[in-house]
Amino acid sequence: MNPILKLLFIAAGFVPVKTAPTGYVQPYLKQVPVLAYHNIYKYPAHENLLYISEKKFALQMKALYDSGFHSILPGDLEAYYNGKAVLPVKPVIISFDDSHREHYTLAAPILKRYGFKAVFFVMTVTLDKKGFLTGGQIKQLAQQGHVIGAHTWDHPNLSHLQPKQMSRQLLPPKKMLEAITGKQVDCFAYPFGAWDAQVLYEIQHAGYVTAFQLSDKISNSHPLLTVRRIMVNGAWLPKHLLQQMELGF
C-alpha cells in the first residue's frame, strides 16, 4: 500500500490488511468478534443465551458504540480474510437467528440509533407466520443496508442429513430470500452451530461464501465457512459483553 494512503487509513481509524494473491485466505488473522442474538422481547420472563430484553440489548449496543466499535458485514469479513480490504480498528459483526418479528420491530430501531448494520439469518419455514418476519420486513431490512442470510428451511442439524436432504435445506431458502430482497444471499448460519466435512462441501456447492457456527474449532482449510460466534447472554451487563468479546477468541 502507498505509505501516504496507509497513513490516511490509520488516521481514519482503519487497519490496513496486507495484499495477497487472489483467492488466498489468511487463516492466521485474528477473528473479528461476531455476536449472535436470538429472541429479543420488551419484558422476557428470563434473560439467558436465547432471550434478551429490549432494554438490555440497547445498553449493550450503546456500550459497543461508546467503546468505539464499528459494525461490519459478512462481505467485509470475506474481503478482509482474502487480503482485499481494510477494517475498522474495532470491528464487530452483529447477527440474529431464527427470523423473529422483534428483530425488525425492536432490534432494528436500536441498531439504527447507533449506526450499526447487522446480518439476519432467516429460516424460511417461518416466513409470514405469526411472530416471525414477513417478506416485506425482510425486504425493508435489506433496503436499510442490513444483510439477509439463510438459516435453512426448518432448522435441522445438517450433520444428521443425507446430501439430498441437505440440498433442500440450502438451495430453496437461498433462492427464496434472493427473490424477496433482490440481492445475492451468500452467507449462512448453521442450526445448532453444527457442521462437518460433508456439510462444508454442500455449503460451498450451494454457493455460500461465508458461514457461521458457534464455538467449535475453525476449519483451517475453510475459515470463512466456519466463522465462530459468541452467543450473547441476555443477563450480561455491558461490561460483561465487552469482556467476553476480548476473551472470546
Side-chain angles (χ1 to χ4, degrees), residues 34-41 44-52 57 74 93-108 118-139 141-142 146-181 185-216 219 222 224-234:
V34 184
L35 307 180
Y37 292 92
H38 288 77
N39 300 276
I40 173 171
Y41 295 136
H46 304 283
E47 290 185 299
N48 51 38
L49 289 175
L50 293 177
Y51 294 88
I52 188 169
F57 178 73
I93 294 179
I94 304 166
S95 67
F96 298 85
D97 286 8
D98 299 344
S99 326
H100 297 288
R101 174 188 59 196
E102 288 80 9
H103 295 168
Y104 177 84
T105 60
L106 299 182
V119 52
F120 296 83
F121 292 111
V122 175
M123 51 180 184
T124 46
V125 70
T126 66
L127 187 63
D128 293 322
K129 292 186 177 178
K130 184 178 180 180
F132 294 93
L133 293 173
T134 67
Q137 290 170 337
I138 291 171
K139 184 174 182 178
L141 287 171
H146 301 291
V147 165
I148 303 301
H151 197 37
T152 71
W153 166 252
D154 60 358
H155 209 277
N157 185 323
L158 293 178
S159 64
H160 295 169
L161 302 183
Q162 296 299 314
K164 287 186 178 180
Q165 296 173 306
M166 217 182 301
S167 180
R168 288 194 288 270
Q169 293 288 341
L170 301 178
L171 289 172
K174 184 178 191 297
K175 293 178 180 178
M176 184 179 296
L177 293 172
E178 288 176 341
I180 291 172
T181 63
V185 172
D186 58 10
C187 58
F188 182 86
Y190 301 103
F192 312 105
W195 60 275
D196 58 23
Q198 183 62 43
V199 173
L200 292 185
Y201 173 82
E202 298 295 337
I203 286 286
Q204 282 185 294
H205 186 69
Y208 293 102
V209 177
T210 54
F212 295 77
Q213 55 156 326
L214 292 177
S215 58
D216 286 345
S219 166
H222 297 90
L224 285 173
L225 296 181
T226 53
V227 182
R228 299 178 72 193
R229 295 194 289 171
I230 300 169
M231 282 190 66
V232 179
N233 193 316

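Scope of the values below: all heavy atoms of this structure, side chains included, with no hydrogens, waters or symmetry mates. It should be emphasised that the depicted structure is a prediction, and the values quoted were computed from it without experimental measurement. We're numbering straight along the sequence, starting at 1.
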D154: which residues meet the side chain to side chain donor-acceptor pair (under 3.5 Å) condition with it, sequence neighbours left out?
Q169

List for me each residue that meets side-chain contact (heavy atoms from CB on, under 4.5 Å) alongside L49, sequence neighbours excluded, and say none if there are none.
M231, N233

Less than 6.0 Å separating the ring centroids of Y51 and H46?
no

Sequence neighbours excluded, every pair satisfying side chain to side chain donor-acceptor pair (under 3.5 Å) that has a member inside residues 186-195:
W195-Q213

Who are the salt bridge (charged side-chain N to carboxylate O under 4.0 Å, His left out) partners of E47, not counting sequence neighbours?
K56

Non-neighbouring partners of H222 that pass ring-ring contact (aromatic ring centres under 6.0 Å, His included), sequence neighbours left out:
none

Sequence neighbours excluded, every pair satisfying salt bridge (charged side-chain N to carboxylate O under 4.0 Å, His left out) that has a member inside residues 157-180:
K174-E178

Minimum heavy-atom separation for A189 and H151, please, with both atom names.
O-ND1, 2.8 Å

Residue set satisfying side-chain contact (heavy atoms from CB on, under 4.5 Å) with L35, at least two apart, ordered chain then number -> Y37, L64, V92, I230, V232, L241, M245

Applying side chain to side chain donor-acceptor pair (under 3.5 Å), name anything that partners H100, two or more places apart in sequence or on another chain.
N39

Using the side-chain contact (heavy atoms from CB on, under 4.5 Å) criterion, which residues pair with N157? Sequence neighbours excluded.
S159, H160, F192, A194

Listed once per pair and sorted, the salt bridge (charged side-chain N to carboxylate O under 4.0 Å, His left out) pairs that draw on residues 95-104, sequence neighbours left out
D97-R229

Give the table of side-chain donor-acceptor pairs shorter than 3.5 Å for residues 118-126, with sequence neighbours excluded, one pair per line with atom names and distance.
residue: T126; atom: OG1; partner: M123; partner atom: O; Å: 2.9

Sequence-distant partners of P172, side-chain contact (heavy atoms from CB on, under 4.5 Å), two or more places apart
none

